[in-house]
**Q** 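One structure, pasted below without further comment.
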Amino acid sequence: EIDPRAAAQAGLTLEQVRQALVAANPFGPLGAFEDARQTEVVALNGQLPRAADYDQVLVRARNGTVVRLTDVARVVEDFVDVGHPGPLLG
């Protein structure tokens, strides 16, 4: 849960915080090996598995000042199912 005021006081935009989180969670193909019969994809899964792993994510280091995620956000263990639309209010 990002605190927009804390981020602004640290001189950060919400987009910069988002980018730091994306960089801390590399996931995707790195390349492939192939021959005449098959192709094997080499992938990286560096995703952080627990909320506690996010505490020390480096958001920015500049002029000797380090801003970590916990400086601008409250990290909580939670679950959001983005594939389920939830109840429709109407």
**Q** Tell me the closest heavy-atom pair linking Leu14 and Pro4, and the distance in Å.
**A** CD2-CA, 4.3 Å
**Q** Is the shortest side-chain heavy-atom distance between Val59 and Asp71 below 4.5 Å?
**A** no
**Q** Would Arg68 and Asp55 count as a side-chain contact (heavy atoms from CB on, under 4.5 Å) if you check the C-alpha gap in whole Å, the side-chain angles of each, and the deciding distance to 0.1 Å?
**A** CA-CA 7 Å; Arg68 299 202 181 275; Asp55 285 345; over 6 Å; no
**Q** Do any N or O atoms from the side chain of Asp3 and from the backbone of Arg5 form a donor-acceptor pair under 3.5 angstrom?
**A** yes
**Q** Among Val17, Val75, Thr70, Leu69, which residue meets the side chain to side chain contact (heavy atoms under 4.5 Å, CB included) test with Val57?
**A** Leu69
**Q** Scan side-chain atoms only and decide if Glu15 and Gln19 contain a donor-acceptor pair under the 3.5 Å cut-off.
**A** yes
**Q** Would you check if the side chain of Arg60 reaches a backbone N or O of Thr65 as a donor-acceptor pair within less than 3.5 Å?
**A** no
**Q** Considering all heavy atoms of both residues, which atom of Ile2 and which atom of Ala73 are nearest to each other, and what is their separation?
**A** CA-CB, 3.8 Å
**Q** So, do Arg74 and Val76 sit near enough that their side-chain heavy atoms are less than 4.5 Å apart?
**A** yes
**Q** For a quick test of reading the model, state the closest non-hydrogen atom pair linking Leu12 to Gln16 and the distance between them.
**A** CA-OE1, 3.2 Å
